[in-house]
Structure formats: C-alpha cells, structure tokens
Amino acid sequence: MQIARDSYLQQLIRKQNNKLVKVITGIRRCGKSYLLFNLFKEHLLKSGVMADHIITIAFDSFENKHLQDPYALFPYLTNLFKDQEQYYVLLDEVQLLGDFESVLNSLIRRDNVDVYVTGSNAKFLSKDVITEFRGRGDEIHLNPLSFREFMTVYRGSKQDGFEDYCLYGGLPFVQSITDANDKAQFLKSIFTETYLTDIIGRHNVRNQEELSELLNVVASNIGALTNPNKLADTFKSVKHKTISPYTIKNYLEYFCDSFLIDKAQRFDIRGKRYIDSPLKYYFTDLGIRNAQLNFRQIEATHSMENVIFNELKIRQFNVDVGVVNVNTQNEQGNTVKKQLEIDFVCNQGSKRYYIQSAYALPTLEKREQEVRSLKYTGDFFKRIVISKDTPTPYYNDDGILFMNIYDFLLDDKSLEF
C-alpha cells in the first residue's frame, strides 16, 4: 500500500542542495523512513540521479550496526564519493550514529554532498535540531496522515472514513490493518511500548504511573482550557494524589516535545496580545489518544475539533485560541464584560482566518450562538464555521462562511471558498 505524501515530498524537493542538513522529524510510525527511502529516493531516480549517487543507510539495521561508529562511517562514505557529481546521503535513525552532529556538519561542507536524515522523537526532537546544528539544520516536520491522505487508501464513504479516522487516527501502518480489534491492539501496544517508553527514557521519569495518569487527564479533556494548577487540583480531587504544578508543567512539555500533543495559546483579538494561561491541548493523532483511554471515551464534538486543529497545523498555520471581550447587559440592566471564544485563530504570513468548530447546527439559535463571537473580531479577516451538517458552502448575511467538515478536509484550498 503506497500513500502519497506530496506536500512533504515537495518540501524536500524545494530544499534540495541548500547546503543544510534536511532533518525529518515527527512521532514514531508517522512515515519518516518511507518518505525518505521510498518517495524521495524515487523522485531522485526519476529526476535522473544515478543510483550509485544515492547513498542510503538505516542505522537501526543489523547489517549497518558497525556504521554507528563515526570512525567507520566517515571513511565508508568518503570511498563512495567517486567523482564531483552531486551525491545524496539519506540516513535513517541518525541518533544511533555516534557524534552525528560533527559527521553531518563535515558532510555538508562538501560542495557535492546533500544530506537528509530522520531521527526518533526519543532523542531527536525539534528543539535538538535547532541546538545541535546551530543554523545548519533545516527541519521538515512530518505529521500522521491528513484526512485527505487517509481517504486515498480508505475503501468506503467519506462519512464512514471520517468515523474511522477519528477512532483509529492516521498512522500509516494502521491503515494496512483490516481487523478493528487488531488496529486497537496495535495502537495500545505501540503507545505503551514506544511513546511512553521514549518519554520516560529521555527524561528519566521516576514516577511512570503519575506520567501516564496525567496523559489520561489531558486525553479526557482535549480542547478544554487548562493549566498546571488546574490539573494539580484535578489530581487532588479526582485521583486523590498530590502532584506539584511544576512537575505537571514539565510533563506537559515532555508530551509536546515528543509530538504526542500540541498546544494552542489564547490570543486577545482586540487587545492584540497573548494570554499566558490557560491553554488548550490537542493530540497529534486521535488513534493514540483513544488507545491511551482504552477506546472508552469517544466524543464526536471534541474529536472533530481536534481533527480541525491538526489539519490547520498540517497546512502550516500558527493556531491560537481567540478571545473577544464584549460589553453586555445582565438581567438587572447593568453593563458587564464578557469573554467570548473563537475556537481557532489561524495565521500564516499576512493571512488570518477565524474558525469555529460546530459539530451540528440544527437550529437558528445554535447557528447564532456559534457566530456570535465571530461578529466581534473588529477586523475584516475571513470568518468560518465548520460543521458536519452544512450541505454546501454558503455565506450568511454577515459574510460568515459556513462549510461542512468534508469540504474543509478534502480540499486543501477550502479556506478560499
């Protein structure tokens, strides 16, 4: 089963021969190796690059174990450079290579060598790329499958596909598993044996049960405003355990660094400033989230909101939670200030979109409720409501665009309707 990852492939193509180390990051099993060793290598061959000028090494393979020694790898590579034509060096699981930073920096100093690497999230996080390469690394962050990519291999309707996507997520390998129980079992095993193990090993976490329980709490409250103090209170009242806000803050950073979850900060739209706390957290992959909860807690509204957030991140938007302060009158006729929320404020260069996620809009009252905050943005950026029951895209009298979730997800230009 071959799944095209065209947007990421195009990023690699654009960055060819830019004298930087191209570093593909992302959670385990999201397809980093496949992107590099299959899709990108195939592109190079089709572009006329000779096969012996494409050098591929997977450091986690037994036959390449001796090449984990930099003093063995460097002369091995040097002997393969036979002429002055361009060479492409593709390295998988490069964190297993000793002193990999020095080796890679030496390689990119050669005029005819272009270097591409992948690394596991246990030891090769986004922050590490910035630190270790000191301006010589160029990151391409790979996400699990978007719904659009998912539907290229799904055998069924978009409605059924969306339900499966929200339940089992978008890890490419999961799509090759046909039995539902096998999908769930794979996700549960990879979560405990790989993702949590990565975090625990990297950060020397002593209380593993505490870490897992915190992730349970976050998974149960995707899209809810929260902060370390609030989570500490939840542990005390619900779990009857004491855990400091400082420890919780560190754990949340571990989850974000390992690409398991992502956060959205609150932004005061009229005041044009960020609000430090609370934040919202979303899972990079809903299948992983549901596996953590043993598939017990599936809420359609929150799942759809999480999918929209992930799609916006895949489209490389900076995503915040919007806050609008308005003056209203209470029952006594007094003027009071009230905060209204916009689910997502999406920025990309000079573009900005305000987006509300509304699972269903069965009544006029519900539609008015969803658009209320959008009416108070005070600017002329596009305002959009995404739901499951909007038959076709349309604009209301206030210039707000309504569209269904399928049109939004399946057309990468949908925000331009």
Side-chain angles (χ1 to χ4, degrees), residues 1-65 67-68 73 76-77 80-81 86-97 100-101 103-105 107-108 110 112-126 128-130 132-133 136-146 149 152-153 170-176 194 198 259 284-285 314 316:
M1 180 180 65
Q2 180 162 316
I3 303 174
R5 311 299 304 270
D6 289 341
S7 64
Y8 305 105
L9 178 59
Q10 290 304 316
Q11 288 184 56
L12 288 174
I13 293 171
R14 287 198 304 270
K15 297 172 186 292
Q16 272 185 246
N17 305 317
N18 66 359
K19 304 308 296 178
L20 299 174
V21 178
K22 271 65 69 175
V23 185
I24 304 173
T25 61
I27 60 173
R28 290 191 188 270
R29 301 301 182 97
C30 70
K32 300 187 296 294
S33 303
Y34 183 80
L35 172 65
L36 188 59
F37 280 7
N38 293 75
L39 300 179
F40 185 61
K41 182 178 179 181
E42 181 181 331
H43 160 76
L44 292 175
L45 292 170
K46 288 182 177 178
S47 300
V49 179
M50 299 296 293
D52 62 355
H53 283 57
I54 304 172
I55 301 167
T56 61
I57 301 173
F59 288 107
D60 59 347
S61 295
F62 180 77
E63 62 268 24
N64 294 326
K65 192 170 183 179
L67 294 178
Q68 294 177 10
L73 176 71
Y76 169 79
L77 290 175
L80 293 176
F81 302 145
Q86 190 72 28
Y87 284 84
Y88 295 87
V89 178
L90 317 182
L91 307 176
D92 191 32
E93 298 294 354
V94 76
Q95 79 282 347
L96 297 174
L97 168 63
F100 68 83
E101 306 93 336
V103 174
L104 299 181
N105 284 329
L107 286 174
I108 62 173
R110 293 172 174 259
N112 65 330
V113 175
D114 199 20
V115 182
Y116 301 76
V117 305
T118 76
S120 73
N121 57 303
K123 297 182 178 179
F124 212 70
L125 307 181
S126 179
D128 294 328
V129 174
I130 296 170
E132 300 295 352
F133 291 104
R136 299 189 185 95
D138 196 349
E139 183 185 11
I140 297 93
H141 183 68
L142 185 64
N143 297 279
L145 299 177
S146 69
E149 292 170 329
T152 63
V153 294
L171 294 182
F173 183 76
V174 175
Q175 314 320 314
S176 66
T194 302
D198 279 349
F259 309 124
T284 302
D285 184 81
I314 288 170
Q316 298 186 310

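These numbers come from the heavy atoms of this one structure, side chains and all, not from hydrogens, waters or symmetry mates.
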Rounded to the nearest 0.5 angstrom, the CG-CZ distance for Leu9 and Arg14 is 10.0 Å

Sorted by chain and residue number, the side chain to side chain contact (heavy atoms under 4.5 Å, CB included) partners of Asp114 (sequence neighbours excluded) come out as Gln16, Asn17, Lys22, Gln86, Tyr88, Tyr116

Sequence neighbours excluded, the answer for side chain to side chain donor-acceptor pair (under 3.5 Å) partners of Glu93 is Gln95

Applying side chain to side chain donor-acceptor pair (under 3.5 Å) to Asn64 and not counting sequence neighbours gives none

Side-chain donor-acceptor distances from residues 53-62 under 3.5 Å, at least two apart:
| residue | atom | partner | partner atom | Å |
| --- | --- | --- | --- | --- |
| His53 | NE2 | Asp83 | OD1 | 3.0 |
| His53 | NE2 | Asp83 | OD2 | 3.2 |
| His53 | NE2 | Tyr87 | OH | 3.4 |

Rounded to the nearest 0.5 Å, the NZ atom of Lys46 sits from the NZ atom of Lys41 at a distance of 14.0 Å

Side-chain donor or acceptor of Lys32 paired with backbone N/O of Thr25 under 3.5 Å: no

Here the pair of heavy atoms bringing Pro172 nearest to Cys30 is CG-O, 3.6 Å

Do Phe81 and Leu107 have side chains that approach each other closer than 4.5 Å (heavy atoms only, starting at C-beta)? yes

Rounded to the nearest 0.5 angstrom, the CD1-NE2 distance for Ile24 and His141 is 12.0 Å

Residues passing the side chain to side chain contact (heavy atoms under 4.5 Å, CB included) test with Ser176, sequence neighbours excluded, are Met1, Phe173

One should read off an interatomic distance between Leu77 CG and Leu91 CG, to the nearest 0.5 angstrom, of 7.0 Å

Shortest non-hydrogen pair, Pro144 vs Asp285, comes out as CB-OD1, 3.7 Å

Residues 49-58 vs salt bridge (charged side-chain N to carboxylate O under 4.0 Å, His left out), sequence neighbours excluded, gives none

Note to self: Could you check whether any side-chain heavy atom of Thr152 comes within less than 4.5 Å of a side-chain heavy atom of Leu145, counting everything from C-beta outward?
What the structure shows: no

Discussion item. Pair Leu80, Val89 - check side chain to side chain contact (heavy atoms under 4.5 Å, CB included), show working.
Written reply: CA-CA 10 Å; Leu80 293 176; Val89 178; over 6 Å; no

By salt bridge (Lys or Arg N to Asp or Glu O under 4.0 Å), Glu149 pairs with (sequence neighbours left out) Arg5

Side chain to side chain contact (heavy atoms under 4.5 Å, CB included) test vs Tyr8 passes for just one of Leu36, Ile13, Leu39, Ile314, namely Ile314

(request) Kindly say whether Ser33 contributes a backbone atom to a donor-acceptor pair with the side chain of Thr118 at under 3.5 angstrom? (result) no

Interatomic distance, CG@Asn105 vs CG@Leu20, rounded to 0.5 Å, equals 10.0 Å

Rounding to 0.5 Å, atoms CG (Leu35) and CD1 (Ile140) come to a distance of 8.5 Å

Are side-chain heavy atoms of Val23 and Val94 found at a separation under 4.5 Å? no

Residue pair Gln2 / Tyr34, side-chain heavy-atom distance below 4.5 Å:
yes

Under 6.0 Å from the NZ atom of Lys65, do we count more than 12 heavy atoms belonging to anything else shown? no

For Lys15, the salt bridge (Lys or Arg N to Asp or Glu O under 4.0 Å) test, sequence neighbours excluded, returns Asp138

